[in-house]
Amino acid sequence: MGLLTKILIANRGEIALRIIRSAKKLAIQTVAIYAESEKESEFVQLADEAISLGIGELTSTYLNIERIVQIAIATGSEAIHPGYGFLSENPAFARACEENHLVFIGPTSEVLRLMSSKPDAKSLAESLNIPVVLSQKINLLSKVSDEIHLNYPLLIKASYGGGGKGMDIVYNYQELFETIEKSSRIALNYFGNGELFAEQYIHNARHVEVQILGDNFNNIIHLYERECSIQRNHQKIIEEAPAIFLSPELRNEILGAAVKIGKAVSYTGAGTVEFLIDETGNYYFIEMNPRIQVEHAVTEEVTGIDIVSEQLKVASGFPLSVSQEEVKLTGHAIELRIYAEDPTQNFMPSSSALLSVDLPNEPNLRIESNFNGNQSTINQFDPLLLKLIAKGKNRENAICVLTKNIKNLNILGPETNTKYLETILSHHSYQQNILSVEFCRNNHTTLIESYINKLNPYKLYPLIALAVSKMYLKADFKDSDGPWDFQGYWRSTSAVIKISVDSEIYFVTLELKDKSNPAFVLNGVRTAFKIINQSGNITDLVIKNQTSRISAIFESQNNLNITFNNIRYNISFPGLLTSYPEVLADQTFNPNSKSGEIQSPLHGKILEINIIENQIIKKGDLLMVIESMKSENRILSPKDAKVKKIAVNVGAQVTDRMPLIFLEDCK
């Protein structure tokens, strides 16, 4: 018996890279598959072979079972690793592997059939005398409201899949039908199955999950637990291990329940058993994820066990490398998920290309990403950009590592949730470990205040200094003596220019006569600044002994995309010089704009159009729904108006700022 020699990875991005890394350690060759838009991605470059899936949506690329199996056979792969998401919990995919004599790196198709169905998994747990949250299946063909016998509020959930997709809270009878229709559609789009069930909602619950491993020799062990209570829109954004709020007795009960479920189905590979803990300390099984999880890294950090390597060894026919007694916890680990999304717009995905990121270098910080620093990256499938995982001797130490290193991540390109996560880390309740799955919803306004009030003087003056240095001073101005060091106003007289920062115009007087001591005057205040370092897109500058690190890149000759303290800004120089054509500052999409033209806020696909031409609409009416990167985005009317023209059709692919609808005032 020996290890697998070659595997195909039926996934993309950072999880594909993660699998490649463990495979290389075991001298296993890897085959990557990729959508044509991702051919320059890091996971494609580092795989031993890479096969294009062509151009298309998920159904023709990463969800195309027949095509993926054909590629595995054609490349001589012995096994397929599904990663997470996509086909990782699809019994038909596992069965197709089995029928074609390919090893599916995960549980058997029969186990997947049982455990990937949340209602069926609950029934199994009940049969094992494990507490479960009250729930019932929804009959989509009947008057479901008459058949649901649970008290409101309810949690409507997709029977198959995860990631919070198709999940929504219903507070009353009136909301039920609309929610079921939307959730079923989302579930069908992402998981290929629109089945739903209703679950009794538990207020102020904490979310705990147990990592288990199993082999083909009836060995089932746990790698302790993780807490995943920090969630937005029912999707985890911060995970940590272990869950230190658990009492020893409650921990043992939960760990025992997870292993019992694993043994009941003879589970093989890596899986996660998930629970809710209510305010009185009662625990309830909610589901099992029969695959590797996004957050598996925090468990690896506190146990020292390479979970992906264990998957590969088990799939090769070997027993687990460790026994339960050998699994020990050391320290505390926390993971932050960095998403391309805008927290101020209900976490709407941002489809702008990732241009650069200032990745920290810290011994106790692990970074998982698919960004190689050399290519701009556009992700059409998932808004996850990267993960930061900190290891500390305790929880407080891990928080400190993350707080220190996230401050200057400064991602250029898309909007991100980086500042949102940074604010959570500093929140009193988070630091005191007073958490629940409602944390983000209850504290949302406080958490986004830094976005709303982002242009205070402490941020404006470094931004102006950065803009002046980028436009008028060469990067090497300290070391040159020629008169052409200044790209703009190098003459001895002062000059007044206009600078637009997020569409706000400022009149700035430049003082660049002494190039070694540049300065500017704004609102009657003279500000001297010094550039102490410029490397690539990153600039370190000093104002009044305060150092600021800012990332910036020219989107056009006269427009700067800037990230400072993890907040995104746009700066332009309207009407500056004849050699610099006037460019309007980038207008952040505002669905409440009074303009008659409604533009798309992002790249995506039109799922619904809820209006017709000449219809009279009210402010706040739902106009259409756009799907982008596993998220549905509702476009609402900014005012009372008449629909003059609809510029797109259902199914159309739209791009950022593309006109969708034209409105006119009601007469």
Side-chain angles (χ1 to χ4, degrees), residues 57 168 174-175 177-179 181-183 185-186 189 233 340-353 380 383 414-415 444-445 448 451-452 454-455 500-505 555-556 559 561 568-570 572 574 582-667:
E57 301 177 20
D168 217 340
Q174 287 74 22
E175 297 176 351
F177 287 102
E178 180 182 349
T179 301
E181 182 181 355
K182 183 181 78 170
S183 295
R185 181 183 64 245
I186 292 172
N189 285 341
N233 294 344
E341 63 185 16
D342 186 352
T344 68
Q345 299 294 326
N346 193 32
F347 304 96
M348 178 183 291
S350 177
S351 53
S352 299
Q380 69 185 88
E415 293 281 358
H444 185 68
T445 301
I448 65 171
Y451 295 82
I452 299 170
K454 65 181 183 178
L455 258 184
S500 172
V501 182
D502 284 351
S503 303
E504 187 75 24
I505 299 294
E555 288 186 317
S556 63
N559 196 71
N561 183 333
R568 188 170 176 245
Y569 302 88
N570 285 282
S572 66
E582 184 168 337
V583 178
L584 295 177
D586 184 37
Q587 299 284 334
T588 301
F589 176 81
N590 181 1
N592 296 315
S593 167
K594 294 181 180 180
S595 167
E597 181 181 287
I598 305 297
Q599 298 178 342
S600 175
L602 72 178
H603 297 267
K605 177 183 178 181
I606 304 295
L607 289 185
E608 281 185 11
I609 297 177
N610 300 85
I611 52 171
I612 59 174
E613 292 182 357
N614 298 316
Q615 180 179 339
I616 303 300
I617 57 176
K618 298 291 185 182
K619 181 178 179 179
D621 283 353
L622 177 62
L623 303 180
M624 60 178 56
V625 177
I626 301 176
E627 181 273 329
S628 177
M629 292 191 288
K630 299 183 180 178
S631 176
E632 287 197 359
N633 306 279
R634 296 156 62 85
I635 308 301
L636 306 180
S637 175
K639 60 181 181 179
D640 294 353
K642 180 180 180 180
V643 180
K644 182 179 180 181
K645 181 181 178 181
I646 302 173
V648 293
N649 297 315
V650 171
Q653 295 289 331
V654 297
T655 57
D656 185 29
R657 304 188 186 287
M658 178 177 172
L660 303 174
I661 304 165
F662 294 91
L663 305 178
E664 61 183 8
D665 293 334
C666 299
K667 296 180 181 179

Quiz item: Do you know the tightest heavy-atom contact between Asp665 and Lys639?
Solution: OD1-NZ, 3.4 Å
Quiz prompt | For Ile616, all residues meeting side chain to side chain contact (heavy atoms under 4.5 Å, CB included), sequence neighbours excluded | solution = Lys642, Cys666
Practice problem: Would you name the heavy atoms of Ile505 and Ser500 that are closest together and state the gap between them? | Solution: CD1-CB, 3.6 Å
Quiz item: Does some side-chain heavy atom of Ile617 sit less than 4.5 Å from a side-chain heavy atom of Asp640?
Solution: no
Quiz item: If you round to the nearest 0.5 Å, how far is CD of Glu341 from CG of Asn233?
Solution: 8.0 Å
Quiz item: Short question: side chain of Asp342, backbone of Met348 - any donor-acceptor pair under 3.5 Å?
Solution: no
Quiz prompt | Side-chain donor/acceptor of Asp502 to backbone N/O of Asn570, under 3.5 Å | solution = yes
Quiz item: Once you round to the nearest 0.5 Å, how far does CD1 of Ile612 lie from CD1 of Ile646?
Solution: 7.5 Å
Exercise. Work out which heavy atom in Val648 is nearest to a heavy atom in Ile609; give both atom names and the distance.
Key: O-CD1, 3.4 Å
Quiz item: Quick one: does Arg568's side chain get under 4.5 Å of Ser352's, heavy atoms only?
Solution: yes
Quiz item: Could you give the distance from NZ (Lys645) to CD1 (Ile661), rounded to the nearest 0.5 Å?
Solution: 12.5 Å
Self-check item: Pairwise distance CG(Leu622) to CG(Asn610) - rounded to 0.5 angstrom
Solution: 4.0 Å
Quiz item: If you count the non-hydrogen atoms of other residues, nucleotides and ligands that lie under 6.0 Å from CD in Gln653, is the total more than 12?
Solution: yes
Quiz item: With side chains defined as the heavy atoms from C-beta onward, is the minimum distance between Val625 and Lys182 less than 4.5 Å?
Solution: no
Quiz item: Hey, does Pro601 have a side-chain heavy atom less than 4.5 Å from the side chain of Ile635?
Solution: yes
Self-check item: Side-chain touch Glu627/Ile186, heavy atoms, less than 4.5 angstrom
Solution: no
Practice problem: Nearest 0.5 Å please: distance from the CD atom of Glu415 over to the OG1 atom of Thr344. | Solution: 7.0 Å
Quiz item: What pair of heavy atoms forms the shortest contact from Ser600 to Ile626, and how long is it?
Solution: OG-CD1, 3.8 Å
Self-check item: Pairwise distance CD(Glu608) to CZ(Arg185) - rounded to 0.5 angstrom
Solution: 4.0 Å
Practice problem: Identify the two heavy atoms, one from Ile598 and one from Leu623, that lie closest to each other, and give their separation to 0.1 Å. | Solution: CG1-CD1, 4.4 Å
Exercise. Output yes when a side-chain donor or acceptor of Ser350 lies under 3.5 Å from a complementary backbone atom of Pro414, and no otherwise.
Key: no
Quiz item: Among all residues two or more places apart in sequence or in another chain, which pass the salt bridge (charged side-chain N to carboxylate O under 4.0 Å, His left out) test with Glu613?
Solution: none
Exercise. Tell me, with the steps shown, if Leu663 and Val643 meet side-chain contact (heavy atoms from CB on, under 4.5 Å).
Key: CA-CA 5 Å; Leu663 305 178; Val643 180; 4.2 Å; yes
Quiz item: For the residue pair Lys618 and Asp621, what are the closest heavy atoms and their distance?
Solution: N-OD2, 2.7 Å
Quiz item: Lys605: what forms a side-chain hydrogen bond (donor to acceptor under 3.5 Å, both in side chains) with it, not counting sequence neighbours?
Solution: Glu57
